[in-house]
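Throughout, residue positions are numbered sequentially from 1 according to the sequence presented. Just so you know, ligand 1 is whichever comes first in the structure, and atom 1 is the first atom listed for that ligand.
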Amino acid sequence: MTEAWAGRTFRNAAPLTLRGDNPVDGYSAEDLRGHGWAPGGYMGTCQDCVEVHVGGDKRCRRCRACAIKALEASRNRPRWQSGHKGIPTDRPVWAYFYWSGSSEDEDIMLLHGISDEGGEVFTVQHERVRDWDRYGHVICWIDVEERPALSVEAVDAIVAALADQRSIHWSCADHIVEDWLHQTALQAVVDGHRDATRIAAAALKSRELDFSRYYG
Ligand SMILES: [Zn+2]
């Protein structure tokens with residue numbers, strides 16, 4: 001087989017470029033499909049810029065340019081981070097926090113405040129009363145202003161924190177967090193949370209982790 005022939009075979013075997021893929025801007029039809037645009041032969045009005053666009057699928061919600069903007073906004077949005085690593089200490093964030101000094105039933109709380117001491121102190125910011133410190137562990141955090149809703153991403157971050165037995169000194173708190181997580185996932189099912197099945201599946205992954213579940 002000659003080199004030239006081998007080259008041609010290789011080119012022929014390469015995947016066909018989908019209509020709507022643009023090697024110049026780097027966005028493929030597949031990238032944009034989940035953000036409201038797919039290639040097609042239809043004309044439509046974009047929900048964002050309200051311009052008429054052509055060359056889109058019948059069910060397009062956006063023009064290609066606005067779908068790119070939506071994709072980038074989604075890629076750049078703040079995400080849940082497991083543990084306390086990288087947590088800003090100069091501004092409040094939202095965090096799931098295990099309160100080790102809790103005498104209440106609920107040891108794990110979604111709190112808004114500022115982390116300190118390697119995630120083991122969390123100064124809760126409260127609108128009506130003065131700020132107070134909680135002692136325990138930041139399980140995971142997200143840098144947003146609005147109180148975040150329970151999501152699969154948050155559950156994944158909590159399970160990842162449980163898996164981290166090196167930088168978080170769990171003592172016996174890991175199985176308490178696991179129990180709370182499973183209860184929270186069950187509650188999502190009862191409440192009819194639209195992602196309940198995925199949340200429950202993500203929460204059950206903690207069972208694959210190896211840590212002591214002994215209640216002494
Ligand atoms: Zn548009």
Quiz item: Is there a side-chain contact between K69 and D48 (heavy atoms, below 4.5 Å)?
Solution: no

Quiz prompt | All ring pair (Phe, Tyr, Trp, His ring centres under 6.0 Å) counterparts of H137, not counting sequence neighbours | solution = W170

Exercise. Give a yes or no answer on whether the side chain of W94 reaches the backbone of E145 with a donor-acceptor pair at less than 3.5 Å.
Key: yes

Quiz item: Do L110 and V121 belong together in a cluster built from hydrophobic side chains that touch within less than 4.5 Å?
Solution: no

Quiz item: Taking only protein atoms, how many N, O or S atoms are found under 2.8 Å from the Zn ion (ligand 1)?
Solution: 4

Quiz prompt | Student check: side-chain heavy atoms of I87 and Q81 closer than 4.5 Å | solution = no

Quiz item: Which of these passes side-chain contact (heavy atoms from CB on, under 4.5 Å) with V93: V144, I114, L111, D143?
Solution: D143

